Student: 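Following this message is one structure expressed as structure tokens.
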Amino acid sequence: MSKKVRVRFAPSPTGGLHLGGMRTVLYNYLFAKKNGGDFIVRIEDTDQTRFVAGAEEYIFNCLEWAGLTPDESPLHGGAYGPYRQSERKPSYRQYAEQLIKDDYAYYAFDTPEDLEKMRQDFKTEQNPSPQYDHSIRMKMRNSLTLDDAEVKKLLNENVKHVVRIKMPTDETVSFTDIIRGEVNFDTNLVDDKVLLKADGMPTYHLAVVVDDYLMKITHAFRGEEWLSSAPVHVLLWKYLFGLENMPQWAHLPLILGPNGKLSKRDGAKYGFPVFAMNWLDAKTGELIEGFKEKGFLPEAFINLLALLGWNDGTDQEIFTKEELVEKFSMERVHSGGAKFDYEKAKWFNHEWIKRKEVRSMMSDIRLLLQEKGIVIENDIFLEKVIALVKDRCNLLTDFYEQSSFFFKSPEQYDLGAVKPKWNDAKQLFFAEVIRNFELSIDWKAHTLETNFKEIAAVNDLKPGELMLPLRIMLVGGKFGPGVFDIAEVLGKKETLSRITNGLNALTK
RNA sequence: GGCCCGUUCGUCUAAGGGUUAGGACACCACCCUUUCACGGUGGUGAUACGAGUUCGAAUCUCGUACGGGCUACCA
């Protein structure tokens with residue numbers, strides 16, 4: 001009987017959630033759902049100095065927007081809580097002490113100044129950043145160098161101390177990464193990482209192992225930046241819970257910006273968002289733009305994220321969430337980092353806008369237009385407008401410039417496109433069009449076009465020279481859907497009023 | 001500096017020893033469209049380099065170069 005699949009996303013609530021983080025969430029979610037497992041969100045808030053108010057709530061908002069709802073989390077509950085590491089504090093010390101008892105770890109009493117001195121003293125050209133490792137530890141103040149009585153005394157006096165792992169010498173730590181295959185590390189080159197900090201909080205290294213065990217995590221997926229510290233985690237599993245219980249690891253490749261690492265801070269300099277949703281940096285007061293507010297559909301967002309480093313082996317690129325769940329496999333995730341291409345991201349969104357039902361976008365677009373000061377009187381009209389312009393929009397926010405003229409008649413006309421060729425014959429033609437349209441019973445694009453062209457023929461005018469003027473009168477500029485489609489949606493009254501106004505502007 | 005990971009069109013990628021190295025975005029051309037888009041058709045464009053293994057290498061091995069990550073009492 002195989003264990004139920006349980007995976008976790010473990011962010012530290014220190015700021016906005018960027019593309020890489022969102023993709024880690026996605027892959028965790030897809031893997032869990034594909035295998036009938038649970039997707040857990042655990043908040044890694046063990047660094048009290050980096051706490052950022054609102055960051056946790058923000059993370060859950062992003063997940064909710066993207067449709068990646070956890071099965072267990074501080075917000076959604078679950079049987080393995082608490083899901084915030086700061087609330088799990090008591091259990092970590094016990095495991096750290098267990099390690100010390102088994103001679104896999106030790107107390108270290110070095111002050112920050114001692115550590116700084118060590119780094120200076122042992123710094124050489126060959127080794128610019130000396131580590132607290134097997135070659136150094138016997139020269140420091142810790143329970144390996146101090147005698148037992150002294151250690152006991154220091155502990156009794158509550159002298160500030162940490163617990164460090166005692167990395168073995170001359171061993172090779174190996175594990176199999178689902179994406180990368182076997183990875184090996186020489187333990188001589190790994191430092192004695194701090195497991196328990198002086199404030200009693202665990203570091204990530206201890207916490208991740210203990211909590212993954214306690215929460216029965218079967219597969220651990222995280223960013224590539226964790227690969228270097230994996231040997232520490234593997235060893236802790238071996239010492240504490242047994243390698244046979246260790247989750248299977250997969251280290252996801254990084255998502256890169258146009259020139260290297262995707263910086264969390266200023267997505268603005270790239271000209272595209274890096275966060276899932278708007279994030280207001282409380283310290284700087286700076287608002288960092290998100291994909292949601294930029295006008296991305298959640299369907300498109302997870303689709304493009306999924307394809308950044310994964311594909312199903314076919315040419316298919318557009319996937320619904322359900323299809324992704326069905327087809328996703330961690331083995332097919334690329335091992336190389338992927339440079340993010342905003343143009344392609346917009347293409348994904350365009351494809352989704354085209355596919356998506358008008359009605360399901362109505363409320364978002366209504367809100368968006370209202371924020372721009374557009375008054376929407378009735379939904380049937382809005383629905384027709386959206387249907388007419390949606391294929392021309394890459395972003396939801398494009399709906400404003402593509403459709404605003406439906407809601408307010410032109411205030412300015414692109415007269416340059418029309419006026420030079422304007423003459424009395426055209427003037428008379430449009431007067432006749434107004435009379436004809438006024439009598440029209442069947443206000444349909446096709447009928448209007450037929451009538452328009454018949455009048456042109458009778459007056460011996462070329463329709464081509466008349467349609468642009470009509471467009472300018474209705475729209476104001478040289479853009480938009482078919483001009484008679486516009487007239488149909490606008491309705492008789494509004495169309496005639498716009499032609500009349502346009503005519504006035506032209507003859508001025 | 002050390003360790004680890006990576007490297008196919010500009011970008012995302014397919015091809016797990018035998019293909020004219022395929023697709024998508026972007027770009028260009030043409031078509032459609034009496035607007036601008038959408039759309040359609042076609043085109044430019046890649047296996048980082050050097051050895052080796054093999055009848056045969058993008059694919060396996062080694063080296064070099066380049067890129068990235070880590071090298072905190074941060075995650």
Side-chain angles (χ1 to χ4, degrees), chain A residues 10-14 44-47 49-50 85 108 110-112 115 119 123-133 160-164 177 179-180 183-186 188-191 193-205 207-208 222-231 251 253-254 256 258 260-261 304 307-318 332 334-348 350-351 354 389-394 398 402 414 417 453 462-472 475 477-483 486:
Chain A
S12 59
T14 53
E44 310 240 347
D45 57 348
T46 54
D47 185 358
T49 63
R50 295 213 305 165
Q85 286 181 332
D110 315 277
T111 63
L115 294 174
R119 288 189 190 106
K123 190 166 159 182
T124 61
E125 208 156 286
Q126 282 75 32
N127 184 10
S129 45
Q131 308 188 101
Y132 199 121
D133 62 11
K160 287 272 188 196
H161 63 277
V162 302
V163 174
R164 285 180 182 272
D177 185 285
I179 296 172
R180 288 153 214 280
V183 186
N184 303 299
F185 294 88
D186 177 352
N188 290 339
L189 300 166
V190 182
D191 62 330
K193 287 260 182 277
V194 169
L195 302 178
L196 205 67
K197 296 185 267 190
D199 64 2
M201 282 286 197
T203 59
Y204 173 83
H205 307 294
V208 73
R222 66 207 329 185
E224 193 182 345
E225 69 270 25
W226 291 108
L227 197 48
S228 307
S229 42
H251 290 87
L254 267 15
L256 309 168
K261 193 180 154 74
L304 71 92
L307 271 280
L308 210 54
W310 172 86
N311 69 82
D312 73 343
T314 72
D315 286 341
Q316 183 175 351
E317 296 202 89
I318 303 298
R332 283 199 65 89
H334 238 251
S335 47
K339 206 170 276 186
F340 181 71
D341 182 1
Y342 188 51
E343 291 306 317
K344 183 123 189 189
K346 282 192 289 190
W347 174 79
F348 273 108
H350 182 218
E351 290 299 313
K354 284 196 291 181
V389 305
K390 71 198 278 267
D391 286 6
R392 326 167 74 86
C393 297
N394 286 322
D398 291 342
Q402 290 297 337
D414 181 358
K453 286 182 175 170
K462 285 189 202 138
E465 299 201 358
L466 301 164
M467 282 169 69
L468 190 58
L470 209 218
R471 171 175 298 279
I472 301 295
V475 178
K478 285 163 52 168
F479 64 96
V483 69
I486 294 173

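Each chain gets a letter, A, B and so on, in the order the sequences are listed, and its residues count up from 1. Excluded from the calculations below are hydrogen atoms, water molecules and symmetry mates; all remaining heavy atoms, backbone and side chain alike, are included. Since the model is a prediction, treat every value here as computed from it, not as a measurement.
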Student: Specify the separation, in whole Å, of atom CG of A:D341 and atom C1' of B:rU11.
Tutor: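 To the nearest whole Å, that distance equals 5 Å.
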Student: Any side-chain N or O of A:R471 under 4.0 Å from OP1/OP2 of B:rU33?
Tutor: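 Checking A:R471 against B:rU33: no side-chain N or O falls below 4.0 Å of OP1 or OP2.
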Student: Given that both distances must come in under 3.5 Å, which nucleotide forms a Watson-Crick or G-U wobble pair with B:rC49?
Tutor: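 Base-paired to B:rG63.
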Student: Once you apply a heavy-atom cut-off of 4.0 Å, does A:S129 come out as touching a base, just sugar-phosphate, or nothing?
Tutor: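 Counting heavy atoms under 4.0 Å across all strands, the contact made by A:S129 includes a base.
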Student: Would you say a side-chain N or O of A:R164 is under 4.0 Å from OP1 or OP2 of B:rC73?
Tutor: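 For A:R164, the contact criterion (side-chain N or O under 4.0 Å from OP1 or OP2 of B:rC73) is met.
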Student: For residues A:K478 and A:A417, report the shortest heavy-atom separation together with the two atoms involved.
Tutor: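 In this case the closest contact between A:K478 and A:A417 is CD-CB, 3.7 Å.
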Student: Which part of the nucleic acid, if any, lies within reach of A:T46 when heavy atoms closer than 4.0 Å are counted: base, sugar-phosphate only, or nothing?
Tutor: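 Sugar-phosphate, backbone atoms only, no base.
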Student: When we call it a touch if two heavy atoms are under 4.0 Å apart, what does A:A198 touch: a base, just sugar-phosphate, or nothing?
Tutor: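 Base, at least one base heavy atom under 4.0 Å.
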Student: For A:K354, answer base if it contacts any base atom (sugar-phosphate contacts may also be present), sugar-phosphate if it contacts only those atoms, and nothing otherwise; contact means non-hydrogen atoms under 4.0 Å.
Tutor: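 Touches sugar-phosphate only.
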Student: Regarding A:P481, tell me which of base, sugar-phosphate or nothing describes its non-hydrogen contacts under 4.0 Å with the strands shown.
Tutor: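 Counting heavy atoms under 4.0 Å across all strands, the contact made by A:P481 includes a base.
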Student: If the plane angle is over 60° it's perpendicular, under 30° parallel, otherwise tilted; pick one for A:W226 and A:H205.
Tutor: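 Plane angle over 60°, so perpendicular.
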Student: Whether A:D341 and A:K344 form a salt bridge (side-chain N of Lys/Arg under 4.0 Å from carboxylate O of Asp/Glu) is what I want to check.
Tutor: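 Here A:K344 does not pair with A:D341 in a salt bridge, since their nearest N and O are not under 4.0 Å apart.
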Student: Categorize A:S228 for me: base, sugar-phosphate, or nothing, with a 4.0 angstrom heavy-atom threshold over every strand shown.
Tutor: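 Base contact.
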Student: Using O4'-C1'-N9-C4 for purines and O4'-C1'-N1-C2 for pyrimidines, with syn meaning within 90° of 0, is B:rC12 syn or anti?
Tutor: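 Judged by the O4'-C1' to base torsion, B:rC12 sits in anti, the angle falling more than 90° away from 0.
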Student: Roughly how far apart, to the nearest Å, are B:rA15 and B:rU35 at atom P?
Tutor: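 The same atom, P, in both gives a distance of 44 Å.
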Student: Is there a Watson-Crick or G-U wobble partner for B:rG16 with both distances under 3.5 Å, and which nucleotide is it?
Tutor: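 B:rG16 is unpaired by these criteria.
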Student: OP1, OP2 of B:rC74 versus side-chain N and O of A:S12: anything below 4.0 Å?
Tutor: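 Looking at the OP1 and OP2 atoms of B:rC74, neither is under 4.0 Å from any side-chain N or O of A:S12.
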Student: Sort out for me which residue in A:R180, A:E224, A:R222 forms a side chain to side chain donor-acceptor pair (under 3.5 Å) with A:H251.
Tutor: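 By the side chain to side chain donor-acceptor pair (under 3.5 Å) criterion, A:H251 pairs with just one of A:R180, A:E224, A:R222: A:R222.
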Student: Suppose we define a pair by two distances each less than 3.5 Å, Watson-Crick or G-U wobble; what does B:rU33 pair with here?
Tutor: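 Paired with B:rU33, as far as the under-3.5 Å criterion goes, is no nucleotide at all.
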Student: Choosing from B:rG39, B:rC4, B:rG2, which nucleotide comes nearest the side chain of A:F185?
Tutor: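 Looking only at side-chain atoms, A:F185 lies closest to B:rC4.
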Student: What distance, rounded to whole Å, do you find between the two C1' atoms, one in B:rU20 and one in B:rG43?
Tutor: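 To the nearest whole Å, 16 Å.
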Student: Considering Watson-Crick and G-U wobble pairs with both distances under 3.5 Å, what does B:rA72 pair with?
Tutor: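 B:rA72 is paired with nothing.
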Student: Taking NZ, NE, NH1 and NH2 as the nitrogens, is one of them in A:D191 or A:K193 under 4.0 Å from a carboxylate oxygen of the other?
Tutor: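 Between A:K193 and A:D191 there is a salt bridge, with a charged N closer than 4.0 Å to a carboxylate O.
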Student: Answer with base, sugar-phosphate or nothing: what part of the nucleic acid does A:V194 contact at a heavy-atom distance below 4.0 Å?
Tutor: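 Sugar-phosphate contact only.
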Student: Could you tell me the Watson-Crick or G-U partner of B:rG42, where both distances fall under 3.5 Å? Say none if there is no partner.
Tutor: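 B:rG42 is paired with B:rC28.
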Student: Counting the atoms with a prime plus P, OP1 and OP2 as sugar-phosphate, which does A:D186 contact under 4.0 Å by heavy atoms, base, sugar-phosphate, or nothing?
Tutor: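 Since no nucleic acid heavy atom lies under 4.0 Å of A:D186, the category is nothing.
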Student: For B:rA14, does OP1 or OP2 lie under 4.0 Å from any side-chain N or O of A:H334?
Tutor: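 Result: yes.
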Student: If we take the C1' atom in both B:rU8 and B:rA21, what is their distance in whole Å?
Tutor: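 The same atom, C1', in both gives a distance of 8 Å.
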Student: Mind checking A:G309 for me? I need base, sugar-phosphate or nothing, with any heavy atom below 4.0 Å counting as a touch.
Tutor: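 Touches sugar-phosphate only.
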Student: Please state whether the phosphate of B:rG1, meaning OP1 or OP2, lies under 4.0 angstrom from any side-chain nitrogen or oxygen of A:N127.
Tutor: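 Result: no.
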Student: Just name whichever nucleotide pairs with B:rC9, Watson-Crick or G-U, keeping both distances under 3.5 Å, else none.
Tutor: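 For B:rC9, the partner nucleotide comes out as none, under the 3.5 Å rule.
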Student: Taking only side-chain N and O atoms of A:K197, does any of them lie within less than 4.0 angstrom of OP1 or OP2 on B:rC74?
Tutor: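 A:K197 to B:rC74 OP1/OP2: side-chain N or O found under 4.0 Å.
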Student: Which heavy atom of A:Q131 sits nearest a heavy atom of A:L189, and at what distance?
Tutor: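 Where A:Q131 meets A:L189 most closely, the heavy atoms are NE2-O, 3.4 Å.
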